[in-house]
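Chain naming here is simple, since letters A, B, ... match the order of the sequence lines and numbering starts at 1 in each.
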Amino acid sequence: MAFLSDSAKASPTAGGEASAAPSSWQVWRYRLKVASREPTTLIGVLTALLFTYLIVVPIISIVLDAVRVQFGHERRLGKDFGDLTLYYLDRTFTSPVSVDLFWRPLFNTLSVAVGAILLSLLIGTILAWLISRTDMFGRRWFATALIVPYMLPAWTFALAWTTLFKNRTVGGQPGWFEALGWTPPDWVAYGRFPITIILALHYTPFVILLFGSALRRFDSQLEDSARILGAKRYQVAMQIILPLMRPALMSSMILIFAKCLGEFGVPYVLGLPVKFEVLSTSLFRSIASRQTGVAGVVAASIMLIGIITLMIDARLVREARRFVTIGSKGSMNRQSRLGKLRLPATGFAATIFMLSVGLPLLTLFLSTVMKLPAQFTLDNFTLDYWIGQDLHTVALQTGVLLSPDLWAAAKNTLMIVGLASVASGILGLLVGYVVIRTPVRALSVYLRQVTFLPYLVPGIAFAAAYLSLFAVPRGPMPALYGTVTILVLALMADQMPYASRAGISAMTQLGKDPEEAAQIAGAGWFRRMMSIVIPIQKGSLVTGVLLPFISGIKGLSLFVILAVPSTDVLTTYSLRLVDYHYTQAANAVVLIIAAIAYLGTLAAQKLTKTNLAEGLGS
Amino acid sequence: MPTINLRGAQKNYGVNSANAVSNLDLEIRDGEFMCLLGPSGCGKTTTLRMIAGLENLSGGEIRIGDRVVDSIFDGVFVPPEKREMGLVFQSYALWPHLTIERNTDFGLRLRKLPKAEREARVEKVMQALDIAKYRDRYPSQLSGGQQQRVALARMLAVNPGVLLLDEPLSNLDARLRLEMRAELKRLHKEFKTTIVFVTHDQWEAMTLATTIAVMNEGTLQQMGTPNDIYDRPANRFVAEFVGSPPINILSFDKKGTSDVAKEAEAYLSSRYPSLRGIGSVGIRPEALSYATRKEDVPQGNFSGKMVVTGILPTGGSWILELKSDSHTLFLTTHALPRLELGEKVRFFAPPEALHVFDKDGQRITEADKLLRSAKLN
């Protein structure tokens, strides 16, 4: 009870009724009144329902597929369609074919991922250090240039690799080395070795970004203090810098692992010829051969591994935050002088850039303007594959730019990816708004988590989940397989983690104050949205649309499962061209995709002045 | 604006969390300049936000005049946009995408006033706050003090009945803060609005307020004029929170009683035997005087012998640190102390300068009468 001195000038009296405790129905009536005064909570409930249907239900559906009798297996299992069974688990994990279905792909996935992680850590840490803490030539240029591999679809590199190293194991146009008279052995041309190298080069930007930003944030005063106390250079490195960098390193390792787990395009292009399978290709094969039960088991396993990995990452990030708090105000970034090593260091960075960007793109480009591989004579060059007409081929008798298929695919891509990106951008901002503003805490937590869920599920497994739910009509929902709708929905749901995170962080940054100030000034909810929230968040709304768009343009794993020829997009179109050995045309399409993705990323950065690191993982 | 009344107002964030504000009764009258004063986390900002309607209540009710604006019992909640108040945020919360003029104009546009009137009012308030020359700039192009004035102008433009200010001066440097204090006082006179002002700065509260409400841990400790608060603190918390250097407390608790406290206990029990249950005595540093000779100590004053251990000039006045075997006292003097460190002096204070608190830390009001009447004798 408040103590009031007898000298208090104004001494209010306690309201008699107010001091009694309110009954519970009064409390509920009041809460309802407060909550219903604005549509925030209503919108929250609606979006929560939507995402439950688009994200949670498909995942549950595919997990159920794994333990229920699937169509066509009723007689063999002696049970009815939909009954519980352990058959698929048994077949995937313990039967004689389990080695081919699960265990060898699992081993291959792990070995490729570990190899890629080690290699990219090795290259990435050196490059990150060179870029952020030394006086290497052209640091600023390299800081952007070395990130480019990540802006390009991973299987761009796979196609470049086959263009160079393809041998006589596979038919079609030979690779350049084969044409020059040297037959690359299978282990160089296909399988574990090239896949590991390519994934390592593709994901090195992760290390450069994460490790580099940790290095830049690192306060030189921490180093100086150790030096003043008498520590030698290597002691400083081992005892001060490395321990503080550990979270960033671990985090990039785990992100790369999670990405490798879901990677489909690279192992598909490079693994297939020698039957080198990873989990994602094994899942693809199970789906292609209508083994929905086994596919369910494999997809659920991939999800489980993905969820475990990213939960470890979440822990590490929390740990990293603990470290960040000791970062002081006077954060200084001092450069080491490389001295004699300045030129070699620059050479190293340039080499990596050539290997991971220059060479692959150049190879791809040259391959599209040459009739025969690796013959650098003038008469061998042609623009036919781009703009030629009446070519003497079975199909695709025009250059790819004149082919109606390309434009149909491009139109599909723009429509599907565009629609999905706009939807996820807007929904992301709405989710961000509700998560930050709703007085109902449970709703906020649920929305935040449910929209983040697809992040834990590799795209290919997510696509499989969609297939499992929407392949047949359920309730009022017609069968969606083969329609544009399923692609838009899946893509949208798959992009929600980025969209909602962008929305949440934008709303967190905005804070409550500007909106509350408008409220005080007399603006109702709708007015506040239109004249305060959306205008201020314009930039992040654009990013929230553009980033999913780029990622959708170069995405493959969702489409490869859910698209059919009539809903072909650029990525699946080029993959089909690969399958038919129209190498030049396929490479041309991939170059187009790479160009769109690259320019889109640049545009997004320009428009929003954001760092790429924030869009990491998209 | 009619009187604002909080009755038994309560706020907790979540059922199991402690009350941010508990059972608060507060009355804010028309034209008053009230300061909510307290340490950070005492619930003063929450109180302000409850008045504005940005926080809803967990218990109790709020009335403006006869109209209930927030009550769980009646199931009433009037949202902030309908309460017709002004609030200046600690962060200013200017809208970054609107110019200074549009920021100021925002509330008037919402009220759909005719254009001519809007322009006139915006002009008047921008002139009053000396920001007219920045009208086409964006908030990010202004300094902290200028932003602060825009935040004020934006609220004053709609001429609210009550202006709520949430530590608006805390982000300004010392000089600007002084200027803005004078400005606020002037605006209070000019616009005749009721002002509720949240601060943790006691001087700000003292210089600005007509009424101060001191809060701690979500409860109201004392409400009164600045002089009341300073001269007759209702409890030890208020006594110790207000005043710098802080009040000297002589605690009578059995454990760790200091020699000076024992002297005070002996002094009080010999002269005022009717006083019982004393927990502690407080003496403000400026109420203490010192003398080097015993003869200079006035009759009937509480006094004792101590050693000078520190002389701290504060510009115009000096703080003396005095030590006995087990106690340290602070004394403020405005005359240059001609003392050496280590010198023995006698401190003294008249009986009416003693603040007597009971064992729970509440002021013993009977003691005031006794100690004051002693002066008359």
Side-chain angles (χ1 to χ4, degrees), chain A residues 1-38 439 441-442 509-528 531-539, chain B residues 5-9 14 23-27 29 32 52-54 56-57 59-61 71-73 75-77 79-87 89 91-98 106-107 110-111 151 154-155 158 164 211 219-225 228 232-235 362-363 365:
Chain A
M1 182 66 203
F3 180 91
L4 297 170
S5 86
D6 59 346
S7 60
K9 187 177 138 199
S11 81
T13 50
E17 54 163 359
S19 52
S23 67
S24 67
W25 86 265
Q26 281 174 321
V27 172
W28 278 107
R29 182 182 60 169
Y30 180 75
R31 283 201 192 146
L32 198 67
K33 175 105 186 164
V34 172
S36 63
R37 162 178 81 83
E38 293 188 345
R441 227 181 88 79
Q509 260 175 27
L510 175 65
K512 274 200 226 155
D513 288 0
E515 211 193 328
E516 285 184 345
Q519 210 173 351
I520 293 283
W525 187 84
F526 189 71
R527 185 61 194 244
R528 294 202 300 277
S531 19
I532 304 291
V533 178
I534 290 177
I536 295 181
Q537 301 291 25
K538 214 168 33 194
Chain B
N5 238 316
L6 279 74
R7 292 189 188 181
N23 213 350
L24 179 70
D25 295 330
L26 201 64
E27 188 183 78
R29 294 188 181 146
E32 211 163 19
L54 293 171
N56 51 294
L57 295 176
E61 64 170 35
S71 164
I72 295 182
F73 293 95
V76 173
F77 180 77
E81 58 264 32
K82 302 242 167 71
R83 289 197 190 183
E84 306 264 305
M85 295 183 172
L87 170 58
F89 291 77
S91 68
Y92 313 145
L94 299 180
W95 299 300
H97 62 299
L98 300 178
F106 188 86
L110 284 178
R111 282 162 182 72
R154 180 173 74 179
M155 288 305 157
V158 296
L164 310 168
T211 308
T219 58
L220 182 64
Q221 303 292 315
Q222 184 175 4
M223 191 160 84
T225 64
D228 278 339
R232 279 183 295 282
N235 56 32
Q362 303 297 344
R363 184 180 198 85
T365 42

Completion exercise
Heaviest contributor of heavy-atom pairs below 4.5 Å to chain A, chosen from B/Pro96, B/Ala52, B/Gly75, B/Gly107, is B/Gly75

Exercise for the section: List for me each residue that meets ring-ring contact (aromatic ring centres under 6.0 Å, His included) alongside A/Tyr30, sequence neighbours excluded, and say none if there are none. Expected result: none

Practice task
Name the option with the most non-hydrogen atom pairs under 4.5 Å to chain A; the candidates are B/Tyr92, B/Trp95, B/Phe77.
Solution key: B/Trp95

Problem - Proximal component of A/Lys538, with respect to chain B [non-hydrogen, under 4.5 Å] - result: neither

Practice task
Taking side chain to side chain contact (heavy atoms under 4.5 Å, CB included) as the test, write out the residues that go with A/Val533, two or more places apart.
Solution key: A/Tyr433, A/Met507, A/Glu515, A/Met529, A/Gln537

Practice task
May I ask you to name which of A/Ala518, A/Gly511, A/Ser531 has the most heavy-atom pairs under 4.5 Å with chain B?
Solution key: A/Ala518

Exercise for the section: Under 4.5 Å, counting heavy-atom pairs only, tell me which of A/Leu510, A/Ile532, A/Ile536 racks up the most with chain B. Expected result: A/Ile532

Practice task
Under 4.5 Å, counting heavy-atom pairs only, tell me which of B/Leu87, B/Ile72, B/Asn56 racks up the most with chain A.
Solution key: B/Ile72

Handout entry: Interface moiety of A/Arg528 toward chain B, non-hydrogen atoms closer than 4.5 Å
Key = side chain

Problem - Any donor-acceptor pair under 3.5 Å from B/Arg111 side chain to A/Ala521 backbone - result: yes

Fill in the blank from the handout: d(A/Arg527 CZ, B/Phe106 CZ) to nearest 0.5 Å is 5.5 Å

Problem - chain A contact via B/Leu164 - which portion, at a heavy-atom distance below 4.5 Å - result: neither

